Amino acid sequence: MMMDAAFSADQLALAANVRDVLRAHCPPAALRSERRPGWKQLAGLGFFQVLSPEEDGGLGLRLIDVVPALEETGRACLPGPVVETAVVGAYLLGGAEPVTVAVLPPGQAYAADADLADLVVVVRDGAARSFPAASVRLSPRPGPDPCRPLFEVTTETPGEPLGADVGAALRAGAVATAAQLVGVARHLLSTTVAYAGARTQFGAPIGSFQAVKHQLADAAVAVEFAAPLVWRAAVTADKALAGADRDASAAKAAAGEAATLAARTALQVHGAIGYTDELDLRFWLARAWSLSSAYGTTAHHRERLRAAIVDGSPRRYP
Amino acid sequence: MMMDAAFSADQLALAANVRDVLRAHCPPAALRSERRPGWKQLAGLGFFQVLSPEEDGGLGLRLIDVVPALEETGRACLPGPVVETAVVGAYLLGGAEPVTVAVLPPGQAYAADADLADLVVVVRDGAARSFPAASVRLSPRPGPDPCRPLFEVTTETPGEPLGADVGAALRAGAVATAAQLVGVARHLLSTTVAYAGARTQFGAPIGSFQAVKHQLADAAVAVEFAAPLVWRAAVTADKALAGADRDASAAKAAAGEAATLAARTALQVHGAIGYTDELDLRFWLARAWSLSSAYGTTAHHRERLRAAIVDGSPRRYP
Amino acid sequence: MDLDFSPAERDFRAEVREWLSTHVPDHLPSMDTPEGFAAHRAWEAELAAARLSVVSWPEEYGGRGASLVEWLIFEEEYWAAGAPARVTQNGIFLLGPSLMRFGTGEQRRRWLPGMASGEQVWAQAWSEPEAGSDLAALTSRAEPVPGGWRLYGHKTWSSRAAYATHGFGLFRTSGERHRGLTYVLFPLSDVAVRPIAQLDGLPGFAELHFDGVYVPGSLVLGRPGDGWRIAMATTSSERGLTLRSPGRFLATADRLVALAAGADPALADRAARCWVEAEAYRLHTYATARGIAAGEEIGAEASLGKLFWSELDLRMHALALDLLGDRAGVEGWLDGFLFAQAGPIYAGTNEIQRTIVAERLLGLPR
Amino acid sequence: MDLDFSPAERDFRAEVREWLSTHVPDHLPSMDTPEGFAAHRAWEAELAAARLSVVSWPEEYGGRGASLVEWLIFEEEYWAAGAPARVTQNGIFLLGPSLMRFGTGEQRRRWLPGMASGEQVWAQAWSEPEAGSDLAALTSRAEPVPGGWRLYGHKTWSSRAAYATHGFGLFRTSGERHRGLTYVLFPLSDVAVRPIAQLDGLPGFAELHFDGVYVPGSLVLGRPGDGWRIAMATTSSERGLTLRSPGRFLATADRLVALAAGADPALADRAARCWVEAEAYRLHTYATARGIAAGEEIGAEASLGKLFWSELDLRMHALALDLLGDRAGVEGWLDGFLFAQAGPIYAGTNEIQRTIVAERLLGLPR
């Protein structure tokens with residue numbers, strides 16, 4: 001709503017480019033038929049190298065610069081390991097070569113989208129190792145999201161240790177995922193508003209009933225106040241400020257809850273049809289659920305927040 | 001609603017007697033002018049000796065037998081140490097003599113209604129001691145409830161140790177308070193329904209708006225499903241079953257939350273007028289808040305439930 | 001009210017528990033696949049052979065004439081044992097009670113035994129594309145022809161219809177909004193069935209297209225024009241006792257509590273809360289059963305229960321996902337999570353339930 | 001957007017913090033008692049003498065011409081220092097902005113300085129017994145007489161009016177529902193004021209009875225019939241930035257977090273959540289301030305903020321009571337708890353705010 005005021009014209013322009021590309025090349029129909037719609041075109045924009053240093057051929061931008069663009073990837077429900085390739089990979093690998101990356105973060109059992117990866121990064125016991133895709137065995141595991149399949153990764157080689165700051169990379173992954181969740185939630189809201197304006201029951205559009213209006217308003221409030229926590233977390237991550245982990249957890253937890261609430265509201269307003277393959281809605285519902293447990297579940301981040309704020313020293317003011 | 005099916009005809013008849021007495025002798029106007037309205041008439045019914053053994057001149061009933069009657073004392077917002085005198089006192093003192101009792105339970109700083117007491121029972125470190133009112137100093141302390149004033153108790157004598165089972169007495173106090181909270185919540189609901197049917201805004205009774213209906217329905221659900229936990233807790237307390245403490249905590253927490261939700265809903269539906277001395281509503285709001293922290297706050301009971309259920313062994317089935 | 005069970009009730013519980021402990025199959029494929037449907041039907045036949053498929057029905061229809069309390073006991077044991085979801089549920093829980101109450105003797109004898117044994121599996125056909133919550137707006141119609149009726153129109157969200165053998169639904173026989181509806185049973189063999197894929201990709205629902213399907217007069221339940229009244233009685237039992245007995249939620253809550261052992265206290269707190277709420281639903285249901293045994297009718301009260309269990313089920317499954325993260329699917333919680341999402345929608349949306357509670361139980365103005 | 005503050009903003013924060021650290025009084029009696037009202041007014045005068053009472057107002061009216069960001073900084077420091085609630089708030093936050101925007105030069109010069117210094121304390125008079133949420137249904141009226149108007153009717157829920165010196169409100173000057181309302185200022189000396197006791201027994205509100213009170217034409221703000229438009233601009237600022245700056249919630253959340261140290265983890269979890277939410281409100285407000293500085297109008301967006309802070313305030317005070325039990329009163333949390341209960345009611349109920357968000361921001365049909 002007013003949140004655009006938080007971003008610079010350049011940041012918003014990048015997002016607008018991503019949005020245009022995804023409208024053209026990742027329409028909802030593509031979610032049913034393609035595994036990686038729009039990726040070639042995004043690569044053409046330099047999107048997957050956006051955080052890599054300019055000397056490596058990247059755009060050399062900061063995380064905050066891509067928050068609105070990442071939101072657009074959530075809004076479009078873009079499949080594939082976007083955050084892993086454009087964000088976590090850039091932190092861990094430097095980004096000299098454009099490779100597609102899948103990540104198995106600590107606390108998670110499976111790597112999402114590993115079927116598309118050139119490199120699989122496994123983080124265990126605080127250390128990251130990378131494995132060429134050809135060297136690992138992938139076994140599919142059930143998950144909620146048809147466009148974000150999960151794989152158990154079995155490694156048979158020692159892999160290559162990565163020297164970069166693993167904590168910073170995972171933190172950036174959480175913040176980037178939070179930005180996507182905000183985009184997912186915004187799409188869920190707008191598509192539900194459109195449906196509620198068109199669908200009639202009891203002789204009136206269902207969007208004219210107070211119960212529907214008020215549910216949607218509550219979801220809008222949740223999204224509106226999750227968004228600033230996301231940009232705040234991106235800023236503190238970029239500056240490696242004290243509190244960067246805390247802010248990342250605040251962003252991920254709030255965005256996950258906002259998206260889950262938006263999903264619940266969308267399904268409730270749509271009724272049974274929202275539950276089915278007849279509509280595209282299910283892709284965004286699934287994304288809200290699957291990203292909510294990526295890079296730490298909401299509960300995990302709430303636990304970290306409690307430790308940082310109540311047991312830590314939470315001074316706010318500069 | 002259907003909960004009457006849970007009680008016997010005798011149990012409901014006792015409640016009906018109490019209700020009739022309180023309608024006649026504890027009308028809302030009395031809450032503004034009297035400290036102990038209806039007490040004499042309730043004593044005439046034997047209400048304050050209801051749990052005492054028949055050989056001591058009591059009625060020899062069980063806790064479950066008075067749950068509906070206790071609910072009526074909440075519904076009428078009856079002032080004075082009702083639970084302390086009729087329930088906790090009966091457990092601790094036997095009840096040979098009819099005395100008015102105030103209690104300072106563990107975890108609480110102040111004794112409610114101690115200004116009316118003949119005896120003040122102080123429970124500390126698992127042991128109960130009783131003090132004649134004349135032997136203690138009472139200092140008023142601020143609380144939310146004008147009809148349930150709080151007092152700091154300063155003792156200057158050692159008091160008399162009470163040999164009875166303190167745990168059982170406090171547990172019964174929590175269950176009895178939960179029953180009162182259900183009654184408070186039921187009154188808040190019914191009085192708010194009446195107001196919503198009469199008050200018009202935007203050309204219609206506000207009770208015809210979905211937003212008002214749905215808030216009240218949610219509060220009704222909370223009350224309806226707190227009530228069975230209360231009678232269950234009374235039964236397991238009477239039989240001293242394993243799980244009696246757990247069931248008491250479930251009852252107290254659920255009833256406190258239901259009453260607090262009913263209070264919030266009542267105030268929201270009434271608007272500013274509910275906030276004022278113009279209406280009687282404020283007495284029930286205050287009672288919901290003050291009883292929620294009596295015999296353990298809702299949070300305290302939730303903590304005990306977690307310990308009993310997740311860290312304990314929660315088998316349900318016989 | 002005590003939760004003391006009589007010796008007979010205890011014996012019954014022991015018998016059911018014992019039987020289940022040696023018969024419950026390990027894990028059946030989804031009932032929305034052909035092989036899963038067949039496996040579930042075989043399981044229903046096994047249950048029926050032990051006379052455990054519809055314990056509260058009269059013996060002549062395949063039951064044991066068990067009391068409501070015994071039925072609740074059966075359900076507790078059934079779900080605690082991890083037994084499969086009932087593929088027959090729309091028949092035995094929705095149509096069955098209506099048939100017993102409104103059907104002729106011949107209709108009852110003809111249909112109830114096959115329903116109890118799982119030989120016939122029934123799909124419900126209430127909704128239409130333009131009438132979801134607003135059932136009185138139905139337009140599918142039954143036209144009188146000699147000896148019976150011909151059905152025309154289009155139904156949707158018919159659960160289980162992709163594999164079921166029969167269906168039941170409301171069809172318009174006159175223009176009056178509520179009083180123009182008639183309750184009709186029909187074999188699915190003559191109906192064009194188009195499966196609808198759900199979130200999990202499987203056809204849990206179907207669309208039904210009627211293009212003059214003939215049904216004899218003996219397949220009308222009650223009198224023409226009585227459909228609304230009968231359906232309301234049916235949906236009220238759907239909302240209330242029969243469709244969602246506490247057993248299922250108790251079993252879910254127990255599994256959650258086991259999962260939460262050693263978890264972060266904030267999560268353990270939510271698990272304990274779910275456990276208590278499932279218990280509250282159980283206690284409430286026993287009290288309701290006692291009320292029914294004493295001759296009370298369960299009407300709008302059923303809406304209170306529907307609101308409570310559907311919201312509880314959502315919270316329980318959200319907690320499971322928070323506890324398990326990306327292992328929720330492997331651990332078998334994902335189907336339940338998706339099914340829980342439907343709870344506040346089917347059998348009358350929760351918005352409609354709240355309005356019923358407000359108007360009919362609390363007395364707020366329409 | 002960074003939260004980097006400029007050197008000037010840092011200096012301003014340091015100055016405010018320093019001044020407050022030596023001036024904030026320990027504890028004033030409630031502003032709804034005569035002695036408390038006087039003490040609060042004395043405190044306002046002290047603030048005004050340091051030119052800290054209305055920092056964002058132009059210097060000629062007693063302010064410093066501070067930016068919105070500086071005002072937010074002031075508020076953060078003010079509440080973090082534990083300074084008293086503002087008895088002047090209806091004037092400086094509601095009427096003041098309207099006067100600056102819609103008043104004549106003479107009106108501004110006449111009224112703003114006394115408002116800034118606390119010499120005049122203003123009460124708002126929107127509601128009537130039959131028009132709470134539905135302001136367009138107001139019936140109190142202003143009748144034209146030579147040189148001015150005579151006011152008739154009955155207002156209620158006028159905060160602070162028991163002790164205030166002046167009031168402002170809407171009065172009907174024609175029958176058109178919205179366009180027949182006129183914005184009038186009036187001295188309370190000529191009005192019959194009947195205090196209304198609140199939950200805490202103190203007269204936080206009053207009823208105002210107008211029986212032909214004369215006000216000169218110079219006390220009408222804007223043109224006759226413009227009242228609704230001006231009031232909407234006022235209530236939008238009431239909902240939005242000015243009435244409830246983040247500073248207050250930040251201070252409450254910080255105190256809660258301190259209380260929660262060592263508490264049960266489930267309670268600590270709620271405290272951490274409140275802390276984060278107060279921070280979210282702060283960040284959102286800075287972004288809004290930047291938007292306003294860039295020329296955007298704050299309209300229906302204000303409703304989002306009102307919903308968020310009022311619900312947060314309820315949750316924070318409920319948590320305080322859960323943490324403190326019967327010591328909540330002694331520890332000073334009870335007044336805040338009661339005040340928080342009013343949050344979802346005043347300045348447009350939260351039901352009205354949700355409808356505004358749904359219709360004006362999301363675009364749902366009326």
Side-chain angles (χ1 to χ4, degrees), chain B residues 1-8 11 64 189-190 192-194 196-197 204-210 212-222 224-229 231-232 235-236 238-239 246-247 249-251 253-254 302-312 314-318, chain C residues 1-5 10 13 17 76-77 80 250 253-254 257 260-263 265 268-269 271-273 275-294 296 298 300-301 303-305 307-308 311 350-351 353-359 361-366:
Chain B
M1 321 235 158
M2 285 198 86
M3 277 302 95
D4 279 359
F7 296 103
S8 72
Q11 291 163 351
I64 183 65
L189 273 178
S190 62
T192 304
V193 166
I206 59 173
S208 67
F209 296 122
Q210 255 187 350
V212 169
K213 284 182 181 172
H214 290 192
Q215 281 178 48
L216 281 163
D218 283 337
V221 168
E224 181 78 1
F225 288 90
L229 293 171
W231 51 257
R232 170 64 167 172
V235 169
T236 53
D238 283 332
K239 300 186 175 179
R246 177 195 72 194
D247 291 352
S249 283
R302 289 268 164 229
E303 187 180 348
R304 291 212 320 181
L305 285 167
R306 189 174 76 225
I309 293 167
V310 181
D311 310 329
R315 272 196 69 73
R316 301 178 196 263
Y317 301 137
Chain C
M1 165 172 149
D2 277 8
L3 273 189
D4 285 343
F5 294 100
R10 278 174 221 248
R13 187 189 287 277
R17 187 178 293 183
E76 288 180 5
E77 294 299 326
L250 294 166
D254 286 347
V257 161
D269 218 69
R273 179 183 287 268
W275 192 91
V276 168
E277 289 175 350
E279 189 69 19
Y281 186 56
R282 180 194 195 208
L283 295 164
H284 190 272
T285 303
Y286 276 109
T288 304
R290 174 180 283 204
I292 290 172
E296 291 184 46
I298 175 165
E301 284 85 2
S303 296
L304 291 164
L307 287 164
F308 191 76
E311 308 263 334
N350 281 13
E351 287 71 33
Q353 309 296 348
R354 288 192 181 92
T355 299
I356 291 173
V357 168
E359 293 175 1
L361 290 179
L362 299 178
L364 285 161
R366 277 172 189 272

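Note that the coordinates shown come from a computational prediction; the quantities given were computed from them, not determined experimentally. Both backbone and side-chain heavy atoms feed into the values below; hydrogens, waters and symmetry mates do not. We name chains A, B, ... by the order of the sequence lines, and we start the count at 1 in each one.
- The aromatic rings of B:F225 and C:F308 sit parallel to each other, their planes meeting at less than 30°, with 60° as the upper class boundary.
- Both the backbone and the side chain of C:A268 come within less than 4.5 Å of a heavy atom in chain B.
- Considering only heavy atoms from C-beta on, C:W275 stays 4.5 Å or farther from B:V310 through its side chain.
- Although no hydrogens or angles enter the test, the distance criterion places no donor-acceptor pair under 3.5 Å between the side chain of B:K213 and the main chain of C:I356.
- Only the side chain of C:E359 comes within less than 4.5 Å of a heavy atom of chain B; its backbone N, CA, C and O stay farther away.
- Closest approach of B:A217 and C:L362 over heavy atoms only: N-CD1, 4.2 Å.
- Atom-to-atom distance recorded for B:Q210:CD and C:L364:CG is 12.5 Å, nearest 0.5 angstrom.
- The CG atom of C:L361 sits 8.0 Å away from atom CD of B:E224, with the distance rounded to the nearest 0.5 Å.
- Note that the NE2 atom of C:H284 and the CG atom of B:L229 stand 10.5 Å from one another [nearest 0.5 Å].
- C:V276 approaches B:A250 most closely through the heavy-atom pair CG1-CB, 3.8 Å.
- Of all non-hydrogen atoms in B:I309 and C:A272, the two that sit nearest each other are CD1-O, 4.0 Å.
- Highest contact tally toward chain B, considering only C:A260, C:A263, C:P265, C:A271, is held by C:P265 [criterion: heavy-atom pairs under 4.5 Å].
- The residue among C:E351, C:R366, C:R273 with the most heavy atom pairs within less than 4.5 Å of chain B is C:R273.
- Atom CG of residue B:D218 and atom CG of residue C:N350 lie 9.0 Å apart, to the nearest 0.5 angstrom.
- Looking at B:D238, there are no atoms closer than 4.5 Å to chain C (heavy atoms on both sides), in backbone or side chain.
- Looking at every heavy atom in both residues, B:R302 comes nearest to C:D269 through O-OD1, 3.8 Å.
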